[in-house]
Amino acid sequence: DSGVTQTPKHLITATGQRVTLRCSPRSGDLSVYWYQQSLDQGLQFLIQYYNGEERAKGNILERFSAQQFPDLHSELNLSSLELGDSALYFCASKGSSETQYFGPGTRLLVL
Amino acid sequence: AQSVTQLDSHVSVSEGTPVLLRCNYSSSYSPSLFWYVQHPNKGLQLLLKYTSAATLVKGINGFEAEFKKSETSFHLTKPSAHMSDAAEYFCVVSRADSNYKLTFGKGTLLTVNP
């Protein structure tokens with residue numbers, strides 16, 4: 001158990017809908033990273049937050065957004081969903097070392 | 001820019017034989033390198049990491065990797081494969097000047113035959 005939690009574990013929704021994925025980092029970790037794992041693109045970095053502020057952006061679509069709250073949990077919002085957004089979404093938390101600890105992921109299926 | 005190339009998409013070994021998963025990296029700055037493992041329908045677990053200390057790094061479950069700067073390689077090895085090692089393995093690079101975002105290789109699927 002990495003200490004990082006993600007909810008929900010599974011999500012099934014329809015095209016055009018909006019969903020919110022939630023991540024709680026390990027106790028004391030200030031950084032949260034979001035990654036997407038899909039069959040065609042592999043594992044890709046989406047976005048990073050540190051202590052409530054956005055710090056880095058990767059290949060994140062404009063339809064996607066994220067935020068980190070004062071209690072350090074983070075949410076990834078995916079809107080106007082398309083079939084191609086079906087993927088496994090991971091969050092990872094990082095403390096003072098270089099190591100990122102991953103949550104169990106949220107599997108999103110868009111029908 | 002940073003990138004990782006895993007040279008084999010699939011490696012198959014027999015139980016009890018050595019494992020070698022190959023990884024080459026590209027980074028214009030001193031990188032940190034990691035190996036993560038993903039078992040079916042599970043999350044990503046850290047196996048080991050290199051962060052500019054000893055070049056031979058020991059990880060969990062008997063795995064180790066050697067950082068070779070001259071060859072820009074970070075191959076993962078294990079002397080004797082176990083059935084429970086069957087999983088997908090990712091070589092990963094990160095750098096301090098890119099906020100430590102992780103860049104993943106495409107993964108190597110390890111199959112262990114009885």
Side-chain angles (χ1 to χ4, degrees), chain A residues 1-10 21 23-26 29-51 53-60 66 68 87-107 109, chain B residues 1-10 23 25 27 29-54 57-60 63 65 67 74 87-109:
Chain A
D1 183 5
S2 66
V4 179
T5 60
Q6 288 187 249
T7 56
K9 286 189 176 179
H10 302 277
L21 314 183
C23 169
S24 292
R26 295 188 321 155
D29 285 357
L30 300 181
S31 278
V32 171
Y33 297 75
W34 286 96
Y35 296 88
Q36 179 194 58
Q37 184 177 30
S38 63
L39 283 174
D40 52 348
Q41 298 291 329
L43 269 155
Q44 289 193 103
F45 166 71
L46 295 178
I47 197 165
Q48 179 216 355
Y49 278 80
Y50 177 84
N51 202 22
E53 294 187 3
E54 181 186 308
R55 283 294 179 91
K57 257 184 174 178
N59 297 325
I60 188 166
Q68 186 179 29
L88 196 48
Y89 292 84
F90 288 107
C91 78
S93 82
K94 176 185 166 308
S96 56
S97 79
E98 298 90 345
T99 304
Q100 293 184 28
Y101 295 90
F102 283 78
T106 294
R107 188 173 295 276
L109 179 59
Chain B
Q2 57 194 38
S3 66
V4 167
T5 302
Q6 292 186 243
L7 299 169
D8 306 291
S9 59
H10 186 200
C23 171
Y25 71 91
S27 175
Y29 189 67
S30 297
S32 295
L33 292 161
F34 308 82
W35 279 97
Y36 281 85
V37 61
Q38 185 177 28
H39 287 91
N41 299 312
K42 299 284 188 182
L44 292 153
Q45 181 184 20
L46 178 69
L47 272 182
L48 49 80
K49 66 178 180 180
Y50 166 78
T51 54
S52 77
V57 181
K58 294 188 184 300
I60 62 172
F63 284 94
F67 174 73
F74 190 58
E88 184 136 31
Y89 292 78
F90 293 94
C91 183
V92 184
V93 63
S94 79
R95 291 186 354 221
D97 62 342
S98 62
N99 293 93
Y100 297 104
K101 68 169 188 178
L102 300 183
T103 299
F104 286 80
K106 292 188 182 299
T108 298
L109 181 64

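In what follows, every chain begins at residue 1, and chains take the letters A, B, ... in the order their sequences are listed.
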Residue-level contacts of residues 34-46 of chain A with chain B, using a heavy-atom cutoff under 4.5 Å: A:Y35, A:Q37, A:L43, A:F45

d(B:Y100 OH, A:K94 NZ) to nearest 0.5 Å is 5.5 Å

Sort A:T99 into side chain, backbone, both or neither according to what part of it lies under 4.5 angstrom from a heavy atom of chain B. both

Please lay out, stage by stage, how B:Q38 and A:L88 fare under the test side-chain contact (heavy atoms from CB on, under 4.5 Å). CA-CA 12 Å; B:Q38 185 177 28; A:L88 196 48; 4.0 Å; yes

Under the side-chain contact (heavy atoms from CB on, under 4.5 Å) rule, what do B:Y36 and A:Q100 come out as? Steps first, then yes or no, please. CA-CA 10 Å; B:Y36 281 85; A:Q100 293 184 28; 4.0 Å; yes

If you look at every heavy atom in A:R107 and B:N41, which pair is closest and at what distance? NH2-OD1, 3.7 Å

After noting the C-alpha distance and the side-chain angles of B:K49 and A:E98, does the key distance pass the side-chain contact (heavy atoms from CB on, under 4.5 Å) rule? CA-CA 9 Å; B:K49 66 178 180 180; A:E98 298 90 345; 4.3 Å; yes

Residue B:L102 versus chain A: region with a heavy atom under 4.5 Å: both

Segment of B:K106 engaging chain A (4.5 angstrom heavy-atom cut-off): neither

Would you compute the distance between atom OH of A:Y50 and atom CG of B:N99 and round it to the nearest 0.5 angstrom? 11.0 Å

Holding to side chain to side chain donor-acceptor pair (under 3.5 Å), I want the full list of residues that pass it with B:T51, two or more places apart in sequence or in another chain. none

